[in-house]
Protein chains: 2
Amino acid sequence: MDRDEFVADCRVRAATDLFAHTWDPVVLAALASGPRRRRDLRLAIGGIRDKVLTDALRRLLAYGLIDRRAHAEAPPRVEYALTGLGRSLVDGPMRALGRWAIEHGDQLLDAER
Amino acid sequence: MDRDEFVADCRVRAATDLFAHTWDPVVLAALASGPRRRRDLRLAIGGIRDKVLTDALRRLLAYGLIDRRAHAEAPPRVEYALTGLGRSLVDGPMRALGRWAIEHGDQLLDAER
DNA sequence: CCGTATCCCTTAAGATACTG
DNA sequence: CAGTATCTTAAGGGATACGG
């Protein structure tokens, strides 16, 4: 991997932007263990607003990281799940980041925000 | 790694927040090949404003990911470098993210922004 | 249950100019 | 060279209420 691939206009930049929105990685993580209904998602995450969750889901759908399945029932049932692409992101880079956080997280001086 | 370690209030969340600011990972990447003076940093990155670079450097210093060395000379010389912690982040998770981006980046539908 | 519609507030980040 | 000082704009995210 060349150094310049890392700087400014590069594909790595596009990848880090996937984490630019606070809740997006959290939603991805909540889907790591399998498909989930919207409500379960919101409860599992905790502290997320409906609007914010909607925004996050929309972005992740647009990126092709998750997909949405609506079942025509009453009451309505909608499930979200990782796509293959989303799965590869979660199992690869996100897991690596998780391991790093567990190992080095306590060294972060100002990580509270 | 437990599932709950991944969701909402967890250390992974703290880690993803490190990528929440657009230019922070770019600056880290630009320091991957070794210490750099502020000016070189700005030129290597390209398209970054002085103020924005200052903001990014301040955050990274506060997080303990980089350090700053000012040499008492004329003209002034200031060098920034990765700390051990910063190095571990760049060589680990960021590199994993880079590999993922190179492999799967073209599948991102709306990654332009 | 699954969202949408507002309103508000804060902050990132761009643009421009200037100092030690 | 290495920053600081303002100003401005856009957008993320929180709070609350309502609609299909």
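Convention: sequence-line order gives letters A, B, ...; per-chain numbering from 1. Since the structure is predicted, the reported quantities are computational estimates derived from the model, not experimental observations.
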With a 4.0 Å cutoff (strictly under), does any side-chain N or O of [X] reach OP1 or OP2 of [N]?
X       : N      : answer
B/Arg38 : D/dT4  : no
A/Trp23 : D/dG14 : yes
B/Arg39 : D/dC1  : yes
B/Arg37 : D/dA2  : yes
A/Thr54 : C/dT4  : yes
A/Thr22 : D/dG13 : yes
A/Tyr80 : C/dG3  : yes
A/Arg59 : D/dA11 : no

Task: Cation-aromatic face contact A/Arg13/B/Trp23, 6.0 Å, 45 degrees - done: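 Yes, A/Arg13 lies over the aromatic ring of B/Trp23.
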Interatomic spacing from [atom1] in [X] to [atom2] in [Y] - rounded to 0.5 Å:
X        : Y       : atom1 : atom2 : answer
A/Asp67  : A/Leu57 : CG    : CG    : 11.5 Å
A/His104 : A/Arg99 : NE2   : CZ    : 11.0 Å
B/Asp55  : B/Thr22 : CG    : OG1   : 11.5 Å

Task: Most 5' of B/Leu57 and A/Ile48 on DNA chain D, judged by nearest nucleotide - done: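 Looking at the nearest nucleotide for each, B/Leu57 comes out on the 5' side.
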Rounded to the nearest Å, what distance is computed from the [atom1] atom of residue [X] to the [atom2] atom of nucleotide [N]?
X       : N      : atom1 : atom2 : value
A/Arg13 : C/dA13 : CZ    : C1'   : 11 Å
B/Ile45 : C/dG14 : CD1   : C1'   : 16 Å
A/His21 : D/dA10 : NE2   : C1'   : 13 Å
A/Asp24 : D/dG12 : CG    : P     : 10 Å
B/Asp55 : D/dT6  : CG    : P     : 15 Å
A/Leu53 : C/dC1  : CG    : P     : 14 Å
A/Phe19 : D/dG12 : CZ    : P     : 17 Å
B/Arg58 : C/dA12 : CZ    : P     : 12 Å

Task: Heavy-atom pair with the smallest gap, counting every atom of B/Ala29 and B/Met94 - done: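 Smallest heavy-atom distance, with atoms named: CB-CE, 4.1 Å.
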Task: Closest non-hydrogen atom pair, B/Ala30 against B/Ser33 - done: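 Minimum heavy-atom contact is O-OG, 4.1 Å.
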Could you go through residues 75-82 of chain B and list every donor-acceptor pair under 3.5 Å that involves a side-chain atom there, pairing it with any protein atom two or more places apart or in another chain?
residue : atom : partner : partner atom : Å
B/Arg77 : NE   : B/Glu73 : OE1          : 3.4
B/Arg77 : NH2  : B/Glu73 : OE2          : 3.2
B/Tyr80 : OH   : B/Arg68 : NE           : 3.4

- [ ] Scan residues 30-53 of chain B for pairs that pass ring pair (Phe, Tyr, Trp, His ring centres under 6.0 Å), counting only residues two or more places apart or in two chains.
- [x]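 Of all non-adjacent pairs touching residues 30-53 of chain B, none passes ring pair (Phe, Tyr, Trp, His ring centres under 6.0 Å).
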TODO: Please work out the stems of DNA chain C from pairs that are Watson-Crick or G-U wobble with both distances under 3.5 Å, keeping only runs of three or more consecutive pairs.
DONE: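 So far as stems of 3 or more pairs are concerned, DNA chain C shows C:3-20 with D:1-18.
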- [ ] Scan nucleotides 15-20 of chain D nucleotide by nucleotide, 5' to 3', and note B when protein non-hydrogen atoms come under 4.0 Å of the base, S if they reach only the sugar-phosphate, - if neither.
- [x] BB----
- [ ] Could you tell me whether B/Arg42 contacts a base, only the sugar-phosphate backbone, or nothing, with contacts defined as non-hydrogen atoms closer than 4.0 Å?
- [x]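 The answer is nothing, as B/Arg42 stays clear of every strand by at least 4.0 Å.
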TODO: Choose from C/dC1, D/dC1, D/dA2 the nucleotide whose nearest atom is closest to any side-chain atom of B/Val78.
DONE: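 Side chain of B/Val78 sits closest to D/dA2.
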Contacts table for residues 83-93 of chain B: side-chain donor-acceptor under 3.5 angstrom, sequence neighbours left out:
residue : atom : partner  : partner atom : Å
B/Thr83 : OG1  : B/Gly64  : O            : 2.7
B/Thr83 : OG1  : B/Leu65  : O            : 3.1
B/Thr83 : OG1  : B/Leu85  : N            : 3.4
B/Thr83 : OG1  : B/Gly86  : N            : 3.1
B/Arg87 : NH1  : B/Ala32  : O            : 3.1
B/Arg87 : NH1  : B/Asp91  : OD1          : 3.4
B/Arg87 : NH2  : B/Ala32  : O            : 3.0
B/Ser88 : OG   : A/Trp100 : NE1          : 2.9
B/Ser88 : OG   : B/Leu85  : O            : 2.7

Using residues 39-53 of chain A as the side-chain source, report each donor-acceptor pair under 3.5 Å to any protein atom, sequence neighbours left out, with the distance given to one decimal.
residue : atom : partner : partner atom : Å
A/Asp50 : OD1  : A/Arg38 : NH2          : 3.0

